[in-house]
Amino acid sequence: MSRFWRNWLNVWCVGVALFGAVLAAGAFEATSGPARFVFALMMDKPDELGVDARMGFALDPHLRFSLGVLGAVAIGWASSLWVIIQAALTLERHDAAAAQRVWMLTIAGILVWFVIDSALSIATGFGRNAISNAIFTAAFFAPLVASGVIGGGSRVAASPRRG
């Protein structure tokens, strides 16, 4: 995989971690502004949910707890994915078949998340989140398609590491 696509995946992982930090910050009133903004962006019908133009809605203790935990999970997910991606990139140089297995298992995990998260988002009135999920997922798949990890796997095994 080229340096460009490796860097792309690194930035993608940082983006996941930053999103997790935004969610985790929603656990506290003083730092909940960015999480409130995310909610307002993702709501299908904010007026029906009692959200005014200033994103004035209550974050009750249960929601604050959920945001804090979800933020921590997203940060952990980003860290885990970064390690998995680094392992797959290292394996590409030594064992292309093993690297392919790691990539396929990672793709499976991303797709499981995408389907469940998007379905629940739509079902609970946050359908716009499914759109952001699709963009986010496409941003993960772009380097895998471009480098031949999926859709033309022979390029991974045949390509020397370029830096």
Side-chain angles (χ1 to χ4, degrees), residues 1 3-91 99 101-147 149-150:
M1 184 177 291
R3 179 178 299 278
F4 174 81
W5 292 119
R6 288 191 318 264
N7 288 338
W8 178 290
L9 287 170
N10 287 333
V11 169
W12 184 88
C13 288
V14 169
V16 174
L18 290 174
F19 182 69
V22 166
L23 294 179
F28 304 102
E29 180 59 37
T31 55
S32 65
R36 290 172 187 270
F37 179 72
V38 169
F39 280 130
L41 285 176
M42 298 301 160
M43 289 178 185
D44 294 336
K45 299 176 183 177
D47 293 338
E48 292 180 13
L49 296 172
V51 178
D52 68 22
R54 297 176 314 278
M55 295 171 283
F57 57 93
L59 296 178
D60 66 27
H62 300 97
L63 183 55
R64 289 190 184 284
F65 169 73
S66 298
L67 282 171
V69 170
L70 184 57
V73 168
I75 293 167
W77 191 44
S79 301
S80 297
L81 282 168
W82 185 82
V83 169
I84 292 165
I85 289 166
Q86 300 314 305
L89 292 170
T90 300
L91 280 170
R101 286 190 300 276
V102 171
W103 285 120
M104 292 302 112
L105 291 169
T106 305
I107 289 167
I110 296 288
L111 291 176
V112 166
W113 160 81
F114 173 78
V115 169
I116 294 170
D117 189 288
S118 297
L120 289 173
S121 295
I122 293 166
T124 59
F126 289 84
R128 291 181 189 165
N129 189 54
I131 296 167
S132 67
N133 288 350
I135 293 167
F136 180 78
T137 301
F140 174 78
F141 277 95
L144 304 184
V145 171
S147 65
V149 168
I150 55 176

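Along the sequence shown, the residues carry numbers beginning at 1.
A pairwise comparison of heavy atoms in Ala27 and Gly68 identifies CB-CA, 3.9 Å as the closest pair. Heavy-atom minimum distance, Ala139 versus Trp8: O-NE1, 2.6 Å. For the pair Ala25 and Thr31, the tightest heavy-atom approach, listed with the atom from each and the gap, is O-OG1, 2.6 Å.
Within the structure, ring-ring contact (aromatic ring centres under 6.0 Å, His included) contacts touching residues 14-36 (residues at least two apart or in different chains) do not occur. Identified under the salt bridge (charged side-chain N to carboxylate O under 4.0 Å, His left out) test for residues 23-34, with sequence neighbours left out: Glu29-Arg36, Glu29-Arg64.
Other residues, nucleotides and ligands place no more than 12 heavy atoms under 6.0 Å from the CZ atom of Phe65.
With sequence neighbours excluded, the residues satisfying side-chain hydrogen bond (donor to acceptor under 3.5 Å, both in side chains) with Ser132 are Asn129. Listed by chain and residue number, nothing satisfies the side chain to side chain contact (heavy atoms under 4.5 Å, CB included) test with Leu105 (two or more places apart in sequence, or in another chain). Residues that satisfy the ring pair (Phe, Tyr, Trp, His ring centres under 6.0 Å) test with Phe114, not counting sequence neighbours, are absent from this structure. With sequence neighbours left out, the side chain to side chain contact (heavy atoms under 4.5 Å, CB included) criterion links Ile116 to Val112, Leu120. Every ring pair (Phe, Tyr, Trp, His ring centres under 6.0 Å) that Phe136 has, sequence neighbours left out, goes to Trp12, Trp113.
For the pair Arg101/Leu91, no side-chain contact is recorded, criterion being any heavy-atom separation below 4.5 Å from C-beta on. Contact annotation: the side chain of Trp5 never approaches that of Leu144 to less than 4.5 Å [non-hydrogen atoms, C-beta and beyond].
Interatomic distance, CG of Leu9 versus CD of Gln86, reported as 8.5 Å (0.5 Å rounding). Rounded to the nearest 0.5 Å, atoms OG1 (Thr137) and CD1 (Ile107) are 11.5 Å apart. Atom CD1 of Ile131 is separated from atom OG of Ser121 by 10.5 Å, given to the nearest 0.5 angstrom. Note that the CH2 atom of Trp103 and the CE atom of Met1 stand 4.0 Å from one another [nearest 0.5 Å]. Put simply, CZ on Phe126 and OG on Ser118 are 14.0 Å apart, with the number rounded to the nearest 0.5 Å. Between the CG atom of Leu111 and the OG1 atom of Thr106 there is a distance of 11.0 Å, given to the nearest 0.5 Å.
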Determine all donor-acceptor pairs shorter than 3.5 Å in which one atom belongs to a side chain in residues 70-85; sequence neighbours excluded.
{"unit_1": "Ser79", "atom_1": "OG", "unit_2": "Ile75", "atom_2": "O", "d": "3.0"}
{"unit_1": "Ser80", "atom_1": "OG", "unit_2": "Gly76", "atom_2": "O", "d": "3.0"}
{"unit_1": "Trp82", "atom_1": "NE1", "unit_2": "Asn10", "atom_2": "OD1", "d": "2.9"}

**OP:** Start with the C-alpha distance between Leu67 and Phe39, add both sets of side-chain angles, then the distance that settles side chain to side chain contact (heavy atoms under 4.5 Å, CB included), and finish with yes or no.
**Re:** CA-CA 11 Å; Leu67 282 171; Phe39 280 130; 3.8 Å; yes
